[in-house]
Amino acid sequence: MSIGVQRLREDAGRVRQGAIDKGEDPSVVDVALELDVRRRALQGEGDALRAERNTVSKRIGEVIRGGAAPQGSEVAALRDASTQAGERIAAIDRELATTEAQLEDALLRIPNPADPDVPVGGEEDSVIVRTWGDPAPHLEPRGAGADGSEPWTRRPHWEVGEALGILDLAAGAKVTGSGFPVYRGPGAALERALIDWFIGTHTREHGMTEVWPPALVNTASARGTGQIPDKEDLMYVVARDDLYLVPTAEVPVTNLHRDEIIEAEQLPIRYCAYTPCFRREAGAAGRDTRGILRVHQFDKVEMVLFERPADSGEALEWLTRAAETLLQRLGLAYRVKLMATGDMGFVQAKKYDLEVWAPGVERWLEVSSVSNFRDYQARRMNIRWRPEPGARPEILHTLNGSGLALARTWAAILEVYQQPDGSVVVPEVLRPSMGDRITA
RNA sequence: GGAGAGGUGGCAGAGCGGCUGAAUGCGGCGGUCUUGAAAACCGCUGAGGGAAACCUCCGUGGGUUCGAAUCCCACCCUCUCCGCCA
């Protein structure tokens, strides 16, 4: 991810303000500007020397073909000139290489400026733009008990799940470690049904193309989406083979088009993909230790969009609605949060979080994050499109969003659909594949 | 894992160490012709940097050389055969 030098040069003021809004140090902007000037100067110097060497080398060929002795003094003089130019070129190239590396590094430290319609500020400035459904109460006050009169309290998902034998955290801890849940029987079926129904809905109704990507990616791909170096601690590493377990399908799916030029008529490209997601969650220990709200492995269906720049703003709204559709049909109350500049991360230009109400733990759970990266991510991956046949390629826009993240959705379903008798009613849309009810 | 072949422009496919950023074919774009279209013919047609001159890029990275797509080394990837295997 990086800002473009072009934009940096032409719009330095707004880029600097964007950094401030996101709570980042704006001085890198000026550092980058200086490095850019230096880089171009060195490039020009090197190019001139190369041009000189090229003509001299050509001349050597001509003189020799013209009959001069390869060992003659004329040729020797030319060789000498060429060698000297070569040495100076090597020196400048070394300097250029370090300058370029410094520039790239500086560019990487400049955050993507947020869209103008994003509220400026921290977490408290994020705004709930809409809510849907009635949040189920933690305590059912009036006659919802099994006998029609007793009030009852909704239990957290881990209690419901363990009681029904469909969630086995202890087994996961034994087999792998804490944070690796095991779903059994109808619990496993629920997970599978959700994945299938999500993807089916996206492909049939949202026109997305299903992709089933690798769950391990190489270094170049991890770098492409910015997991390296930004979030290196987030990922599990297979050091022996230089591979990373994917923290989200965004990584393999977005990299599908790395270093490509896409013709205009191909756009938009809209994918959905299921993968397991692996996250070390370094530094997060202690939070959400109970249940499956924060785990090291979970399942997720991710939506990834490649759009024409002019369309990406609208595409973000469309993508958000696509994720909301799923929650609505599952009958889960949720709210949509527009993240403020300081709360949205380094790389997003605009981001919505979808939070579902979980009455057992009495919290809003983030089950989807939908973002427009504009050209920031695509630039690093060198994904371009050609506006017109024969026209110069331009960086396109990428977006992605969860549709949806499973563990928390699974948990919310258990908490919302649990019954006073301990069973869990299956949401209507999933009944065709797994029946009406989960009982002990 | 073992043996062999190969990685060149959107695709296919040439390329003696200098005259090759790259023949040729296909595709694409524009034009001539046509009522229109097809066919035929003519022209154009990779990317990046730079205001430009110009420079860089022939899997990646090193090396040899005055000069490398062309020679050498390492790595990566693809294909064929063998082995192993869900």
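Applying the Watson-Crick and G-U wobble criteria (two distances, each under 3.5 Å), B:C26 pairs with B:G10. Under the Watson-Crick or G-U wobble criterion, with both distances below 3.5 Å, B:C75 is paired with B:G59. Summarising the base pairing, B:U35 is matched to no nucleotide, lacking a Watson-Crick or G-U wobble pair whose two defining distances lie under 3.5 Å. Across the strands present, B:U70 finds no partner; the criterion is a Watson-Crick or G-U wobble pair with both atom distances under 3.5 angstrom. Pairing for B:A3 goes to B:U80, judged as Watson-Crick or G-U wobble with the two contacts each under 3.5 Å.
Nucleotides B:C33 and B:A39 place their C1' atoms 11 Å apart, quoted to the nearest Å. Rounded to whole Å, the C1' atom of B:C82 lies 33 Å from the corresponding atom of B:A14. Taking the P atoms as reference points, B:G62 lies 16 Å from B:U56, given to the whole Å. As rounded to the nearest Å, B:G15 and B:C71 have P atoms that lie 12 Å from one another. The separation of B:A22 from B:G27, taken at their P atoms, amounts to 23 Å, rounded to a whole angstrom. Nucleotides B:A86 and B:A5 have their P atoms positioned 32 Å apart, rounded to a whole Å. Only the P atoms considered, B:G25 is 16 Å distant from B:G46, to the nearest whole Å. B:C11 sits 28 Å from B:G61 when the C1' atoms are compared, rounded to a whole Å.
Backbone-only engagement by A:N54 is indicated by non-hydrogen atom pairs under 4.0 Å involving sugar-phosphate atoms exclusively.
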The contact string for nucleotides 43-52 of chain B, one letter per nucleotide 5' to 3', using protein heavy atoms under 4.0 Å with B, S and - for base, sugar-phosphate only and none, comes out as ----SSBSS-
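Residue A:E428 qualifies as open at atom CD: its count of foreign heavy atoms under 6.0 Å is 12 or below.
For A:A189, the side-chain contact (heavy atoms from CB on, under 4.5 Å) partners are A:R192, A:M434, not counting sequence neighbours. The salt bridge (Lys or Arg N to Asp or Glu O under 4.0 Å) search around A:D11 returns A:R14, not counting sequence neighbours. The ring pair (Phe, Tyr, Trp, His ring centres under 6.0 Å) test applied to A:W410 returns A:Y183, not counting sequence neighbours. Remark: A:H202 engages A:H206 in a ring pair (Phe, Tyr, Trp, His ring centres under 6.0 Å) (not counting sequence neighbours). Remark: A:Y352 pairs with no residue by the ring pair (Phe, Tyr, Trp, His ring centres under 6.0 Å) rule, at least two apart or across chains. Judged as a side-chain contact (heavy atoms from CB on, under 4.5 Å), and not counting sequence neighbours, the contacts of A:E45 are A:L42, A:I92. Evaluation of the ring pair (Phe, Tyr, Trp, His ring centres under 6.0 Å) rule for A:Y417 yields no partner, not counting sequence neighbours.
Salt-bridge check for A:K337 with A:E355: passed, with a basic side-chain N closer than 4.0 Å to an acidic carboxylate O. Under the 4.0 Å criterion applied to side-chain N and carboxylate O atoms, A:D93 and A:R50 are assigned as salt-bridge partners. Between A:E263 and A:R386 there is a salt bridge, with a side-chain nitrogen of the basic residue lying less than 4.0 Å from a carboxylate oxygen of the acidic one.
Listed here is the closest heavy atom pair of A:A19 and A:P26: CB-CA, 4.1 Å. For the residue pair A:S221 and A:N255, the shortest heavy atom distance occurs at O-ND2, 2.9 Å.
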Identify the pairs formed between an N or O of the protein and an N or O of nucleotides 16-22 of chain B at a distance under 3.5 Å, and give each distance.
from: B:G18; atom 1: N2; to: A:S57; atom 2: O; distance (Å): 2.9

Taking only N/O atoms, report every protein-nucleotides 57-60 of chain B pair under 3.5 Å with atom names and distance.
none

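Distance, A:E263 CD to B:G10 C1': 8 Å, rounded to whole Å. Between A:E87 atom CD and B:U65 atom P there is a gap of 12 Å when expressed in whole angstrom units. Look at CD1 on A:I89: it is 16 Å from P on B:U65, rounded to the nearest Å.
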What do the steps show when you test A:E24 against A:K22 for salt bridge (charged side-chain N to carboxylate O under 4.0 Å, His left out), and what is the final call? CA-CA 6 Å; A:E24 301 288 336; A:K22 284 198 170 179; over 6 Å; no
Which pairs of donor and acceptor atoms, one on a side chain in residues 106-116 of chain A, lie under 3.5 Å apart (sequence neighbours left out)?
from: A:R109; atom 1: NE; to: A:D105; atom 2: OD2; distance (Å): 3.0
from: A:R109; atom 1: NH2; to: A:D105; atom 2: OD2; distance (Å): 3.2
from: A:N112; atom 1: ND2; to: A:V347; atom 2: O; distance (Å): 2.9
from: A:N112; atom 1: ND2; to: A:F373; atom 2: O; distance (Å): 3.1
from: A:D115; atom 1: OD1; to: A:R374; atom 2: NE; distance (Å): 2.8
from: A:D115; atom 1: OD2; to: A:R374; atom 2: NE; distance (Å): 3.3
from: A:D115; atom 1: OD2; to: A:R374; atom 2: NH2; distance (Å): 2.7

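Contacts of residues 92-103 of chain A with RNA chain B (heavy atom under 4.0 Å): none.
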